[in-house]
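In what follows, chains carry the letters A, B, and so on, assigned in the order in which the sequence lines appear, proteins first and then strands, with residues in each chain numbered from 1.
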Amino acid sequence: MTDVPVELRMELDGLVEPALATHRPDWADVVSRVQRQRPSRKSVFLIAATVAAIVSGSALALGPDLWQAIRGTSIDDRVLSERDLRALRTVSSGRPVGISKTERRQLRARAGRIVSIQLVGTRFGRSLYLLTVINEDGERVACQASGPAEATDRFGFIRCSAPDAPAFPSPERPVLDQSVIEVSREDASPHVVRLEGLAADAVKSVALTEETGSILARTPVIDNVYVRTTGLPRGPVSRIVALDQRGETIWTMRVTRGG
Amino acid sequence: MMRTDRRSETVSTLIEGLYRSRFRAFLGVAAAITRDGDVAYDVVQDAFAQALRSRATFRGEGSVEAWLWRIVLNRARDEIRNRKVRPLPKPAEPAMLSRPTVVSETVTERITDLTVRRLIARLSERQRLIVFLRYYADLEYAAIAALLEISPGTVAASLSSAHARIRNELKEIAR
């Protein structure tokens, strides 16, 4: 191809090099997406949780200071169809997983007595789980966990909701976000280092926006899981939003200092 | 019905074959358009899934590859349109240099990645598409012309104009 100047070729290569290095062809994934694009599903898991507000999470510090998203707001002034409501209350993906005695002991120390663990999905090498535990007050609470898929320490991150928090998944809480947000002493604005979480069937993508609502980065929800670690904005982020298949916002969470 | 089933099966085989042999080309173009590797991957995967699901609707007008390119390009452009704003990165300070790039036969100069990306971003959408389809997909002028519904002559002229513009602006920066 002699019509492309040599000085441009290197830069054009550099433009897409990260994408080509990161992603490999996966025909099985294409076929599974054909199934997902179909309107009807053959099997559905209903996951009921009985928890309410998010409590402060586990150690995620990546910088001298740590931002925690503490509030989420569903867009409740929309008229939702029965089908929409069903999709907001459903997480179709997932299967129960077993844990070793050591893992059970470690999880008990961090969260409580394990009742059940469900692997919801794995994306870009990270597995995300939903757990039901009995906390030290004897209350049944829902927790989320994640970690490298191929690691001895599968549950590096774990966070539990308060017993009276809205259930996940539900119209009030269609997203369980566990993004890693950092703030440094030099710059007090929150920066998202990893965008990650679980979402109900109705959520098709999750995005980061600035104060004006402009989308800074977006990632699709695949098998009820969203993970993104590259191409995240270097500038401050105002909100994490959940979008449905029409691209409309159905849930929003302000990124603020937690505690 | 049997003839339709057989044709559908043939199209399905062609789609899979093109996916396996041309994945990098499709991903490269999608990544260049969306400026996001993860989104580009999903664009390609979803586009092929869409083609597979609707293969019975392929009427044989043009090649299967051209049909696939249309789906990929439409999805990539939809991604751009669905974003409200995607600000370009701020230009680097002139002193912040990257890897060496040959500007001409006699001058070697360091140009920032961001400078060339900004120059590419300043091209018209059609010029950018033509550059990407020519470079990443190695499509002939006639194939690009059919995809974008323009003449091969317009493709050649657009490509030449885009290259000249970028080359000239790079020379200006190098001075």
Side-chain angles (χ1 to χ4, degrees), chain A residues 1 3-38 123-124 195 204-205 207 209-210 212-222 226-235 243 246-248, chain B residues 15-16 19-20 23-24 27-32 34-42 44-53 78-79 82-87 89 98-104 109 111 113 115-117 119-120 131-132 134-136 138 156 159-160 162-164 166-167 170:
Chain A
M1 195 192 318
D3 56 357
V4 179
V6 64
E7 63 268 25
L8 190 52
R9 289 187 205 175
M10 277 181 69
E11 301 307 333
L12 286 172
D13 284 338
L15 209 59
V16 302
E17 191 186 320
L20 295 178
T22 306
H23 298 292
R24 298 283 176 264
D26 185 347
W27 183 247
D29 178 61
V30 169
V31 172
S32 75
R33 289 181 192 230
V34 175
Q35 299 297 323
R36 278 200 298 273
Q37 283 174 2
R38 292 193 200 284
R123 193 128 187 260
F124 299 134
L195 181 62
K204 297 305 174 192
S205 61
T209 72
E210 54 184 15
T212 61
S214 301
I215 292 177
L216 299 169
R218 192 163 104 165
T219 193
V221 177
I222 308 289
Y226 61 94
V227 174
R228 182 164 175 177
T229 57
T230 61
L232 292 172
R234 290 185 197 145
L243 307 169
R246 294 175 287 267
E248 292 181 24
Chain B
I15 292 170
E16 183 178 353
Y19 177 83
R20 293 188 188 281
F23 174 79
R24 282 177 68 87
L27 182 63
V29 172
T34 60
R35 296 199 296 271
D36 188 320
D38 292 347
V39 170
Y41 178 76
D42 284 315
V44 173
Q45 297 297 94
D46 286 337
F48 273 84
Q50 179 185 335
L52 209 56
R53 192 163 46 87
D78 284 347
E79 278 296 326
N82 285 342
R83 288 179 210 167
K84 291 195 175 65
V85 168
R86 176 88 156 95
S98 69
R99 61 182 182 277
T101 301
V102 173
V103 175
S104 74
E109 192 64 57
I111 307 289
D113 281 350
T115 302
V116 175
R117 288 177 199 210
L119 293 178
I120 292 172
V131 168
F132 294 157
R134 180 71 182 138
Y135 187 68
Y136 298 117
D138 197 18
L159 208 52
S160 177
H163 292 159
I166 293 174
R167 195 186 292 119
L170 286 175

Enquirer: Tell me, do A:H23 and B:D38 make a side-chain contact under 4.5 Å, heavy atoms counted?
Expert: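 Result yes, sub-4.5 Å side-chain heavy-atom pair found.
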Enquirer: The test is side-chain contact (heavy atoms from CB on, under 4.5 Å); show your working for B:Y41 and A:T22 and say whether it passes.
Expert: CA-CA 9 Å; B:Y41 178 76; A:T22 306; over 6 Å; no
Enquirer: Checking B:V131 against chain A: side chain, backbone, both or neither under 4.5 Å from a heavy atom?
Expert: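 Side chain of B:V131 only, per the 4.5 Å heavy-atom cut-off to chain A.
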Enquirer: Just by modelled atom types, is the A:D13 backbone N or O under 3.5 Å from a matching donor or acceptor in the B:Y135 side chain?
Expert: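 The answer is no, because no donor-acceptor pair under 3.5 Å joins these two groups.
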Enquirer: Can you sort out the partners of A:P233 under side chain to side chain contact (heavy atoms under 4.5 Å, CB included), two or more places apart, ordered by chain and number?
Expert: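 Residues passing side chain to side chain contact (heavy atoms under 4.5 Å, CB included) with A:P233: A:L208, A:L216, A:A217, A:V237.
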Enquirer: For a quick test of reading the model, state the closest non-hydrogen atom pair linking B:Y19 to A:D26 and the distance between them.
Expert: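 In terms of heavy atoms, the two residues are closest at OH-N, 2.6 Å.
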Enquirer: Is there a side-chain contact (heavy atoms from CB on, under 4.5 Å) between B:Q45 and A:I222 once you walk through the steps?
Expert: CA-CA 12 Å; B:Q45 297 297 94; A:I222 308 289; over 6 Å; no
Enquirer: Going by the rule side chain to side chain contact (heavy atoms under 4.5 Å, CB included), which residues pair with A:L20 if we only count those two or more places apart in sequence or in a different chain?
Expert: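 Once residues adjacent in sequence are excluded, the partners of A:L20 under the side chain to side chain contact (heavy atoms under 4.5 Å, CB included) criterion are A:V16, B:R24, B:L27.
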Enquirer: Which pair of heavy atoms, one from B:A31 and one from A:A19, lies closest together, and at what distance?
Expert: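 Smallest heavy-atom distance, with atoms named: CB-CB, 3.8 Å.
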Enquirer: In Å, rounded to the nearest 0.5 Å, how long is the span from CD1 of A:I215 to CD of B:E79?
Expert: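 Taking CD1 in A:I215 and CD in B:E79, the distance rounds to 9.5 Å.
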Enquirer: Do B:D42 and A:R33 come within less than 4.5 Å of each other through their side chains, counting heavy atoms only?
Expert: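 Yes. Closest side-chain heavy atoms under 4.5 Å.
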Enquirer: Of the backbone (N, CA, C, O) and the side chain (C-beta and beyond), which part of B:A32 lies under 4.5 Å from a heavy atom of chain A, both, or neither?
Expert: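 Both parts, backbone and side chain.
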Enquirer: Any side-chain heavy atom of B:I15 sitting closer than 4.5 Å to one from A:W27?
Expert: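 Yes, at least one pair of side-chain atoms sits under 4.5 Å.
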Enquirer: Which region of A:P25, side chain (C-beta onward) or backbone (N, CA, C, O), has a non-hydrogen atom less than 4.5 Å from a non-hydrogen atom of chain B, or is it both or neither?
Expert: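 Contact with chain B is through both the backbone and side chain of A:P25.
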Enquirer: Can you find a heavy atom in the side chain of A:R228 that is under 4.5 Å from one in the side chain of B:V39?
Expert: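 A side-chain contact under 4.5 Å exists here.
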